[in-house]
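Have a look at the structure below before the remarks.
Sequence lines set the chain letters: A, B, ... in the order given, protein chains first and strands last, and positions in each chain run from 1. A quick note: this is a predicted structure, and the numbers were derived from the prediction, not measured.
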Amino acid sequence: MGIDTFINIILNGILIGGVYGLVASAFTFQAGALQIVNFSYGSSTMLAMYLTFFLIKEWNIPIVFAVVILFALFFTIGWIMRRTILNNTNHGTQILTTMAVELVIINLVIIFFTGFPRDMAIFEKRINITDTISVGLTQLICFFLAAAVLVSFHLFLNKTWAGMSIRAVVQKKEIANIMGINSERIMDLAFSISYLIIAIAGIMLMTMFQVEPHFGNYMMTISFLVCVTAGIGNMGGSFLSGIIIGILSALITTLLGAQFHDPVLFGLFVLILLVRPNGLFNSSKRIARQI
Amino acid sequence: MFFEMSNVTKSFGGLVANKDISVEIAEGEIVGLIGPNGAGKSTMFKTVTGFHIPDSGSISFGGKDITKYEPNKICQVGISCTFQKSQLFSALTLEESVLVGAYCRHKRKSQALPLAHRMIEFVGLGGKEEVKISKLNMFERKKAELAAALATEPKLLLLDELFAGLVPTEVELMLELVKKINEEFGTALFIVEHVLRVIMGICTKVYVLEYGQLIAVGTPEEVTSSEVVIKAYLGDDDFYAATDIKS
Amino acid sequence: MRSDNLLRRERLLHPLTAVSLALVILAAFVPIFGDRLMMNIAIMAMIYIILGHSWNLLTGLAGMFSITHALFFGLGVYGMSISVAKFHLPIIAGLLVGLLINIVMSAIVGMIGSKLSGLYFVMAQVGLSQTIYTLSIQLFPLTGGVTGLSMPREYLMDKSTLYWIALILAILTTLAFAFIRKSRMGTMFVALKENPDLSLSLGSNVGKWRIMATVMSASMASLAGSFYALFMMSNNPEVFSMVISLKIIIVVIVGGIGSVWGPIVGSSLVVMDELIRGIMPTTMAPFSVIIYALVLIIMAIRHPEGLISIGRSIGLKLEGKSMKKVSISK
Ligand SMILES: Nc1ncnc2c1ncn2[C@@H]1O[C@H](COP(=O)(O)OP(=O)(O)O)[C@@H](O)[C@H]1O
Ligand SMILES: [Mg+2]
């Protein structure tokens, strides 16, 4: 393998990894900051992908409207989920019910959209850096968009009143309550916003991957891997480890072959969990609960 | 020495909960540990029982270095404890709870069961074997905890504020029970207690802990008349109330 | 007060014993009066009883939240079908191969479970299960890939024979569960679920018991899986699916977690499901899964702080990550 091919693989991995980071950041926000463990997470991403495909490709809705519809829908889904099944603090219940939601989503998708795999079939325009090294245009756009979304989310949490309320509630619910913040509403809001991130990630993933009803399982395991590498709750870190995982994923596929990709990557995940459950970047004792 | 802590230090982040602690206990001896709240008494016990690993220093028991032992291993070598905050198996019956301790010594149920029953009788809960722990009252729970700890047949038993929350008549009964443990089984006892009556009544040696450091050691009389100790306790009504009763 | 309690327990015990006896007798009549459909349904119910006991042992007794229990079931299926279809080994060898694979896998899961708890343990299970699922598809020459392997015809068994085997297995696992619950192992399991710190301080090797619970549970699930392979005469990666894991969990939760009756009572749900599915056209299959899911969701909404106290006793908190050195008195 020449050095050029190698660089191409790495670049490709970095670009996809950025999107992985975005996907995982919503999970890490839910589980780490909000203390809500959402196992319907992967299938929610999958649903966003299907909806993107159908809104744009099948029903020919202009992209801007499609995005607005998707956002409104996902914000509502997030809100309803938080109000009905996720308004408790018990992780066991949360895991079981959201797994049930996952099954509902998967089967609804099968019923309405059939299990047939879908693909945007975007013709990828490649930008040549040198004669032999190039990157895909949509991938590049997605990477920077993912970074932009994460940065703006960070700004939202730190600079706006709503964002600061979320942080206040996450850190000290009782005190936030005393200060006149309706902590339940704020949690609803925070969870719904995390669903907006899922919607955005779904759109991006749809430009890169083919989607089928069980694609969510794959994305969920990738998200787990990214979260655990960064330490659950560490959003900035998840972007970084998303990139690492992206590179690793690309390397495994080229060096070992595609059939080894999932087993090796997921096996690695279990290994990391055992060796460094708090994440690769965190010192062993500190349990991440930062946003 | 039977039991020995030498220069044990344990800190949580910046907070030094135990600093340079050295303690010696002889076989069958009853030793007290007193000190204001937050002095680090419970931390010391948890370090001995293996729930904390000390930052430095060593702990030996029966000639063995047990500093790095896991809690279950510590129990097997013969150190048992009751916790300050009541620890129970609320879904199990009294018999089963004590059995857990008895299984530490006997693998077979046929051997463990008689031991468990003996301990239940011993603490005076006979007849309640089939009752769920959650149905017992406070005093009975404390005795159940004691029975479970005794069922592991300890040579050294650590009691962390066993008497806290008991009414005076119950304190009296418990005191009798604790004495009986020492007399019948020859178990050495290491007792953290606020009710000084208890300490005065049964201990032969008392350690005083303040801000994580041992500030005095001696017989109960020596310790209670010591300047440093009185200063450490200054303003602690508990102490004066308790010493008043005694004198 | 106490005699009251005892009385109530006696009364509670008697009808249940009677019902179970009635069930066994009723079950004996199925092959005589029942048609093939009835027998199929009964066999499925038995399989879920076995799986239910298996999950109940691990989660209900030992308090380790098994979220991908189909992993053990599926390995049992693959152990049997690969041994028989690929290597033409006798059935008993298939059974042992399944068990062996499961013991190895469950030792790994148990080891993870004794180091990690809460969300981390659950995530590790999902990771492992996904790994095995993808391997079962990728290792085509061995596993038959997506379509799976079909077993040679000479292994085909009579429906009523299969039925009897299922019944015997279900009864045996029920007895095994009841026995384990009363034995040293069962006491240690419940103790470590209820209070790992106290168990440790009473000399129980919590890590060892966690591994033991996982191995025992996986062995039971393996039996169910190997039998399922003989029943279906084939395998496919769907045996590892979340749907099966969730069904197992629902069966036990509906019937009562931690109790020997749980899976038996809960298996009525499987009977209902299979009956409905027998009537509905196959294109409606997704709806059946949705109904299961809704049952779970409704139960969760009604008992938000613990589906039958499951979450609390399992203590699924991010903070409770490492089982040792959790502070005892905060
Ligand atoms: N697990 C822990 N993590 C951090 N600090 C602790 C922990 N356990 C105890 N401490 C601190 O150590 C000090 C001593 O506590 P403790 O041993 O419980 O005191 P005592 O039993 O004498 O009242 C206290 O300031 C307490 O807050
Ligand atoms: Mg204390």
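When heavy atoms are compared at a cutoff of 4.5 Å, B/K107 approaches chain C by way of both its backbone and its side chain. Contacts of B/T152 with chain C are made by side-chain atoms alone, with heavy-atom separations under 4.5 Å and no backbone atom involved. Proximity to chain B (any heavy atom under 4.5 Å) is shown, for C/S199, by both the backbone and the side chain.
By the 30° and 60° cut-offs, the orientation of the rings of B/F12 relative to B/H52 is perpendicular.
A cation-pi geometry, defined here as NZ or CZ lying under 6.0 Å from the six-membered ring centre and within 45° of its normal, does not hold between B/K85 and B/F83. For the pair B/K180 and B/F122, the distance from NZ or CZ to the six-membered ring centre is under 6.0 Å and the angle to the ring normal is within 45 degrees. Because its NZ or CZ atom is both nearer than 6.0 Å to the ring centre of B/F139 and within 45° of the ring axis, B/K143 counts as a cation-pi partner of that residue.
When each of B/A91, B/C104, B/C81 is checked for heavy-atom pairs under 4.5 Å with chain C, B/A91 comes out on top. Ranked by heavy-atom pairs under 4.5 Å with chain C, the list B/D160, B/L92, B/L99 is led by B/L92. The most heavy-atom pairs under 4.5 Å with chain C, out of B/L88, B/T43, B/I74, B/I79, come from B/L88.
Salt bridge B/E140/B/K128: present, at least one basic N to carboxylate O contact under 4.0 Å.
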